[in-house]
Amino acid sequence: MLIINPGSMSKYHFNEIEAKWQKHWADNGTFYASNQSQKPKYYVLDMFPYPSGAGLHVGHPLGYIASDVYARYKRHKGFNVLHPQGYDSFGLPAEQYAIQTGQHPAQTTQVNIEGGTDNQSNKITGYRKQLDNIGFSFDWSREVRTSNPAYYKWTQWIFTKLFDSWYCKTNDKARSISCLVAIFKQEGNANVAAVCDDEIEVFSAKQWNSFTDQAQQQILLGYRLTYLAQTQVNWCAELGTVLANDEIINGVSERGGYAVVRKKMKQWSMRISAYAERLLQDLDTVQWSESIKETQRNWIGKSVGATVVFNVKGHDAKIPVFTTRPDTIFGVSFMTLAPEHELVASLTTPNQKQAVDAYIKATAKRSERERMADVKTISGVFTGAYAHHPFTKQPIQIWIGDYVLAGYGTGAVMAVPCGDQRDYDFAKHFDLPIPNVFQNADISQVAFSDKDTAVIANSDFLDGLSYKKAVKLAIYKLEKIGAGAGKTNYRLRDAVFSRQRYWGEPFPVYYKDGLPHTLAEEHLPIELPKIEKYLPTETGEPPLGRADMWAWDTQKCAVVSNTLIDNQTIFPLELNTMPGWAGSSWYFFRYMEKANRDAVFASKKALDYWQNVDLYIGGSEHATGHLLYSRFWVKFLYDLEHVTVKEPFKKMINQGMILGESAFAYRVAGENKFVSAGKTQGYTTQGIHTDVAFVNTSNELDIQAFKNWQVAFKDAEFITEDDGSFKVGREVEKMSKSKYNVVNPDDICSQYGADTLRMYEMFLGPLEQAKPWSTAGISGVHSFLKKLWRLFHTGQEELFNVSPTPASKDALKVLHKTIKKVEDDIENFSFNTSVSTFMIAVNELTALKCNSKDILEPLVVLISPYAPHIAEELWHKLGHQESISEVSFPVFDASHLVESSKEYPISFNGKMRFKMELPLDMTKQEMEAAVMANPKTIQQLAGRLPKKVIVVPGKIINIVG
RNA sequence: GCUGAAGUGGUGGAAUUGGUAGACACGCUGGACUUAAAAUCCAGUGGGCAGUAAUGCCCGUACGGGUUCAAGUCCCGUCUUCAGUACCA
């Protein structure tokens with residue numbers, strides 16, 4: 001590849017300047033934040049990266065650059081800014097790599113962060129170096145790594161706190177298990193309003209006290225905020241682990257795209273459902289994009305309605321259902337249970353048994369995916385059983401059908417075919433009755449589901465009522481006869497918290513008599529044991545099952561050899577590890593303290609000072625994972641009074657993805673012959689991904705490099721353009737190694753400089769929008785920086801030339817126009833437009849030949865958040881000793897922009913025809929007279945008499961007629 | 001299907017409360033400098049029509065309507081793209 005250094009002739013030696021200032025900042029701790037300051041605080045946070053072996057590409061730093069611009073701007077504005085960075089360093093890729101190569105994940109993780117050579121002899125630059133090259137103003141003294149025992153000690157600690165807590169509905173907050181035990185001792189559990197397992201039975205104080213310790217612990221597990229239970233989990237065989245709902249996209253695993261099946265397993269879960277309402281309500285208090293908030297609202301999925309209990313004819317069983325339309329209770333003509341419903345087996349009559357069994361078998365065979373893809377096929381079977389209608393006592397057929405999901409509500413529905421389309425379709429298909437309970441509703445073709453206009457009919461005491469009133473009365477009557485109650489249902493399920501993996505936080509848990517016990521705070525952290533292979537054991541246990549030293553000695557309070565397990569004083573430890581989101585759910589608190597990290601997260605003083613994140617920048621793909629779990633943990637920590645904030649992130653901006661521009665060489669089908677993009681006509685070709693490093697900005701391929709790249713192309717033939725060049729085709733795709741379209745920021749920095757990279761990434765387009773990367777466009781931003789440099793220098797030798805002469809009026813106007821625009825743009829996160837504004841300012845000042853210090857000095861401060869290195873250098877050259885980073889932002893003075901006249905657009909019937917300079921203090925009448933007297937106006941009118949003349953002072957004049 | 005975001009030159013994009021559509025760049029074309037190139041600088045660049053020219057006119061912000069003196073911007077309807085979600089009772 002031909003490497004040209006476009007800066008070679010300029011005296012703007014960005015490589016030297018950038019290295020110099022990066023060293024200066026590091027040596028002087030320029031960006032170390034203090035926890036004590038008279039200044040107001042501002043906390044700017046990036047979503048911390050997972051340090052992968054592939055390193056950073058130009059898409060990764062986009063959000064970091066934006067947050068860095070903002071952090072630097074806030075420092076200029078007089079804020080004490082916390083802008084830290086760290087690594088989310090537990091995770092699947094490092095473990096997959098460990099399985100392949102046998103290297104300890106801690107080893108590869110460290111190399112990925114700090115640089116070095118992996119055991120395949122690949123040289124890895126390391127995240128830290130790559131980030132440092134871009135000139136971020138991070139306070140690295142506060143760095144966190146989630147896989148460091150000193151960090152995960154507190155992740156484990158939070159887990160034990162969750163284990164020691166239950167959710168009290170009366171106080172609407174988490175409380176300690178010990179106070180729950182106190183209540184049980186006093187009065188049993190009858191009056192305890194808790195978010196807990198459904199199947200807990202009522203007991204008295206006397207009963208509680210007579211229970212064995214074992215039985216008591218079993219009951220308490222049903223109340224704890226993190227609990228161990230047999231639950232339906234998403235099992236991914238290929239990854240060898242369970243997955244949370246948010247880790248499954250379209251029925252397959254988010255990572256790898258492997259099949260996921262439902263399976264009953266004993267797993268740790270987090271009772272996030274207890275916080276559903278607060279998670280929903282508090283969304284109104286944060287400044288996030290509407291789309292992310294909406295995604296979370298949908299995920300939480302609140303619906304208000306009622307539980308209705310149906311008695312089964314000739315059977316003890318009761319079937320509770322959830323409905324949002326209790327007003328249509330008289331429209332119930334059958335019931336449908338999910339095929340997996342626990343009562344199906346006992347309800348089914350001997351006559352129907354064969355059909356029911358066959359149906360269950362058939363639906364079980366269909367994968368989750370098939371069931372989702374195929375929503376049109378209606379299927380189901382009658383169980384032979386009947387329920388009683390709670391009011392009419394009429395018999396109701398009980399069916400099973402796979403349109404009812406076992407996982408939502410009670411896994412059963414009361415079918416109201418006249419008001420619900422799915423029930424309607426089912427009824428039509430199986431020829432079941434469709435009674436109409438709406439006034440004047442035509443249900444001959446479709447169900448009538450409009451709540452707003454519904455008026456109830458044929459419904460006894462509900463006749464003539466609107467939806468709202470009928471719901472209220474129906475619930476009242478149901479409660480009165482004991483057949484139901486008002487109920488709010490949430491879609492949000494408890495989150496599965498264990499993973500059958502090695503590279504994650506170990507649980508601080510040991511098992512005594514099959515029941516989990518947590519380790520005390522003073523024994524944390526419990527560190528990951530060494531194992532030989534990072535695979536499940538032969539008996540199917542998680543990788544930690546391979547550890548020899550993985551037992552807990554309750555007397556020595558230490559991890560000891562498994563051979564010592566006697567289940568008297570030495571017990572086996574938990575073999576699962578925590579999921580990826582554990583460490584990232586609270587890291588923002590950890591940054592608040594740099595030295596005293598032996599306290600809980602951070603000292604109370606630090607927590608009180610920094611509070612929570614003022615600005616959070618990151619991708620929107622975490623909407624239902626990280627961003628929900630973090631909010632949950634913060635609310636929990638708030639309940640326990642460890643923190644004083646209810647939300648972690650006050651304002652959030654989601655940066656869009658930077659896409660790659662893939663290059664394709666067109667190969668003639670069936671031949672080892674390539675055709676240049678302009679010559680493909682007449683050939684049947686297929687595009688072959690070509691490494692973008694072989695292609696220059698004019699889309700010309702370096703044929704030699706391409707031939708050397710892969711053996712298959714060594715002897716390939718090339719049909720070139722007439723001028724001898726070979727051109728490739730381009731297409732915008734996601735930036736990825738496999739598409740050979742990755743652009744490395746290190747290369748951009750060495751060729752154009754970090755300031756150019758920073759400005760160009762901002763210039764590319766609106767931060768929140770997805771946009772393609774094109775290295776071709778970078779020259780514009782680079783020449784801008786050179787122009788800026790030249791503004792301060794003169795002559796062939798480019799000697800520094802800034803004069804103390806007072807600024808001209810025009811130059812002052814340019815400066816203040818720029819201050820205003822740039823300030824507004826940064827406040828609105830419109831970084832792309834402020835880069836244009838700088839370009840305009842420098843173009844105009846160059847035209848004015850301005851070299852006045854009064855103008856150039858504030859200009860450097862304006863630009864410094866975007867291009868900090870060149871700004872520091874010029875600031876230094878202007879005679880300052882201190883770093884530019886804390887210098888006050890220039891103050892806008894409107895008086896410099898006051899104009900005495902304006903060039904008005906004169907339009908005729910809304911179309912601009914010519915412009916005319918008019919004084920701004922003219923009256924409307926004078927303006928109209930001046931315009932009408934203009935010869936061009938007379939020419940435009942061509943004798944016509946204007947009907948109307950619209951004069952908007954300071955804006956426009958429009959002549960109608 | 002539902003929810004959210006978007007659709008503007010060859011390309012990325014600008015137009016903050018309705019008021020000069022295409023700022024600023026890239027690319028392209030022509031020119032200056034140079035032995036040549038790079039770098040730099042200057043000029044032009046939405047489409048069409050008329051004119052030697054200055055210039056003038058018509059069309060133009062996905063599409064079709066509407067409101068208004070004036071619409072990329074507001075209203076109604078349609079289409080397309082992207083993202084999220086998926087039988088939620």
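What's counted below: heavy atoms across the whole structure, side chains too, no hydrogens, waters or symmetry copies. Lettering of chains follows the sequences in order, A, B, ..., and the numbering in each one begins at 1. These numbers come from a predicted model, not from an experiment.
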*Asks:* Using a cut-off of strictly less than 4.0 Å, decide whether A/Arg730 has a side-chain nitrogen or oxygen near OP1 or OP2 of B/U11.
*Replies:*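 Negative; the distance criterion is not met.
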
*Asks:* What does nucleotides 55-70 of chain B look like as a protein-contact string, B for base, S for sugar-phosphate only, - for none, at under 4.0 angstrom between heavy atoms?
*Replies:* --SSS---------BS

*Asks:* Does a nitrogen or oxygen in the side chain of A/Arg491 sit under 4.0 Å from OP1 or OP2 of B/A86?
*Replies:*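 So the side-chain polar atoms of A/Arg491 do come within 4.0 Å of the phosphate oxygens OP1 or OP2 of B/A86, strictly under.
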
*Asks:* Only counting residues at least two apart or in another chain, list the ones meeting salt bridge (Lys or Arg N to Asp or Glu O under 4.0 Å) with A/Arg325.
*Replies:*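 Testing A/Arg325 for salt bridge (Lys or Arg N to Asp or Glu O under 4.0 Å), a comparison that skips the adjacent residues, returns A/Asp327.
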
*Asks:* Of all the choices, B/U16, B/G19, B/A89, which nucleotide is nearest to the side chain of A/Ile956 once you look at every atom?
*Replies:*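 Nearest to the side chain of A/Ile956 among the choices is B/G19.
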
*Asks:* Determine whether more than 12 heavy atoms belonging to other residues, nucleotides or ligands lie under 6.0 Å from atom CE of A/Met922.
*Replies:*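 Yes, enclosed.
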
*Asks:* Heavy atoms only, 4.0 Å cut-off, all strands: where does A/Asn832 land among base, sugar-phosphate and nothing?
*Replies:*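 Sugar-phosphate, backbone atoms only, no base.
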
*Asks:* Given B/C88, B/G13, B/G19, identify the nucleotide with an atom nearest to the side chain of A/Lys955.
*Replies:*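 The answer is B/G19.
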
*Asks:* In whole angstrom, give me the gap between the P atoms of B/A32 and B/A37.
*Replies:*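 Looking at atom P only, B/A32 and B/A37 are 11 Å apart.
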
*Asks:* Does atom CD (A/Gln445) have a neighbourhood of more than 12 heavy atoms from anything else shown, all under 6.0 Å?
*Replies:*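 No, the 6.0 Å shell around CD holds no more than 12 heavy atoms from other groups.
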
*Asks:* Which whole number of Å gives the distance between the P atom of B/A38 and that of B/G48?
*Replies:*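 Here B/A38 and B/G48 have their P atoms 30 Å from each other.
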
*Asks:* Provide the closest heavy-atom pair for A/Pro326 versus A/Val471 in the form atom of the first, atom of the second, distance.
*Replies:*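 Closest heavy-atom pair between A/Pro326 and A/Val471: CG-CG1, 3.8 Å.
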
*Asks:* Hey, does A/Glu290 reach any base, or is it just sugar-phosphate, or nothing, if we go heavy atoms under 4.0 Å?
*Replies:*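 Nothing: the residue A/Glu290, judged by heavy atoms under 4.0 Å, touches no strand.
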
*Asks:* Which of these nucleotides, B/A39, B/U20, B/U85, is closest to any side-chain atom of A/Lys786?
*Replies:*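 Looking only at heavy atoms from C-beta outward on A/Lys786, the closest nucleotide is B/A39.
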
*Asks:* Among the candidates B/A15, B/U40, B/U20, find the nucleotide nearest to the side-chain atoms of A/Lys915.
*Replies:*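 Taking heavy atoms from C-beta onward, the closest nucleotide is B/U20.
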
*Asks:* Do the two ring centres, one from A/Tyr12 and one from A/His793, sit under 6.0 Å apart?
*Replies:*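 Between A/His793 and A/Tyr12, which both carry aromatic rings, the centre distance is not below 6.0 Å.
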
*Asks:* Between B/A50 and B/C63, how far is it from one P atom to the other, in whole Å?
*Replies:*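 Result for the P pair: 26 Å, nearest Å.
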
*Asks:* Would you please enumerate the stems RNA chain B participates in, each stem being three or more consecutive Watson-Crick or G-U wobble pairs with both distances under 3.5 Å?
*Replies:*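 Result, WC/G-U stems under 3.5 Å: B:1-7 with B:79-85, B:10-12 with B:24-26, B:27-32 with B:40-45, B:46-50 with B:55-59, B:62-66 with B:74-78.
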
*Asks:* Run the salt bridge (Lys or Arg N to Asp or Glu O under 4.0 Å) test against A/Glu700 and tell me which residues pass, sequence neighbours left out.
*Replies:*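 Here no residue qualifies.
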
*Asks:* Work out how far the C1' atom of B/C76 is from that of B/A89, and round it to whole angstrom.
*Replies:*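 One C1' to the other, the span is 34 Å.
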
*Asks:* Can you tell me, in whole Å, how much space there is between the C1' of B/G12 and that of B/G30?
*Replies:*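 Per the computed distance, 25 Å lies between those C1' atoms.
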
*Asks:* Look at all strands and tell whether A/Gln421 reaches a base, only sugar-phosphate, or nothing, counting heavy atoms closer than 4.0 Å.
*Replies:*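 Counting heavy atoms under 4.0 Å across all strands, no contact is made by A/Gln421.
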
*Asks:* Could you tell me if the ring centre of A/Phe784 sits under 6.0 Å from that of A/Phe763?
*Replies:*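 Aromatic pair excluded; centres sit 6.0 Å or further apart.
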
*Asks:* Strictly by modelled atom types, are A/Tyr408 and A/Ser303 linked by a side-chain donor-acceptor pair under 3.5 Å?
*Replies:*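 A pair is found: one side chain offers a donor N or O, the other an acceptor, under 3.5 Å apart.
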
*Asks:* Using the C1' atom as the point on both nucleotides, what is the distance between B/G13 and B/G19, in whole Å?
*Replies:*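 Looking at atom C1' only, B/G19 and B/G13 are 22 Å apart.
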
*Asks:* Using the C1' atom on both, measure B/A21 against B/A14 and round to a whole Å.
*Replies:*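 B/A21 and B/A14 have their C1' atoms separated by 10 Å.
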
*Asks:* How long is the line joining CG of A/Leu405 and C1' of B/U85, in whole Å?
*Replies:*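 Going from A/Leu405 (CG) to B/U85 (C1'), I get 14 Å.
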
*Asks:* Could you tell me whether the side chain of A/Thr324 reaches within less than 4.5 Å of the side chain of A/Val304, counting heavy atoms only?
*Replies:*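 Sidechains of A/Thr324 and A/Val304: no contact.
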
*Asks:* Scan nucleotides 24-32 of chain B nucleotide by nucleotide, 5' to 3', and note B when protein non-hydrogen atoms come under 4.0 Å of the base, S if they reach only the sugar-phosphate, - if neither.
*Replies:* BSS------

*Asks:* Rounding to an integer number of angstrom, what distance separates B/U61 and B/G18 when you compare their C1' atoms?
*Replies:*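 Taking atom C1' in both B/U61 and B/G18, they lie 15 Å apart.
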
*Asks:* Quick one: are the ring centres of A/Trp773 and A/Tyr760 less than 6.0 Å apart?
*Replies:*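 Ring centres of A/Tyr760 and A/Trp773 closer than 6.0 Å.
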
*Asks:* OP1, OP2 of B/A89 versus side-chain N and O of A/Ser303: anything below 4.0 Å?
*Replies:*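 For B/A89, OP1 or OP2 has a side-chain N or O of A/Ser303 closer than 4.0 Å.
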
*Asks:* Does B/C88 have OP1 or OP2 under 4.0 Å away from a side-chain N or O of A/Arg422?
*Replies:*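 So the side-chain polar atoms of A/Arg422 do come within 4.0 Å of the phosphate oxygens OP1 or OP2 of B/C88, strictly under.
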
*Asks:* Taking the ring of A/Phe838 and the ring of A/Tyr866, is the distance between their centroids below 6.0 Å?
*Replies:*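 Aromatic pair counts; centres sit under 6.0 Å.
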
*Asks:* Tell me every residue that passes salt bridge (Lys or Arg N to Asp or Glu O under 4.0 Å) with A/Lys293, counting only those two or more places apart in sequence or in another chain.
*Replies:*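 Residues passing salt bridge (Lys or Arg N to Asp or Glu O under 4.0 Å) with A/Lys293: none at all.
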
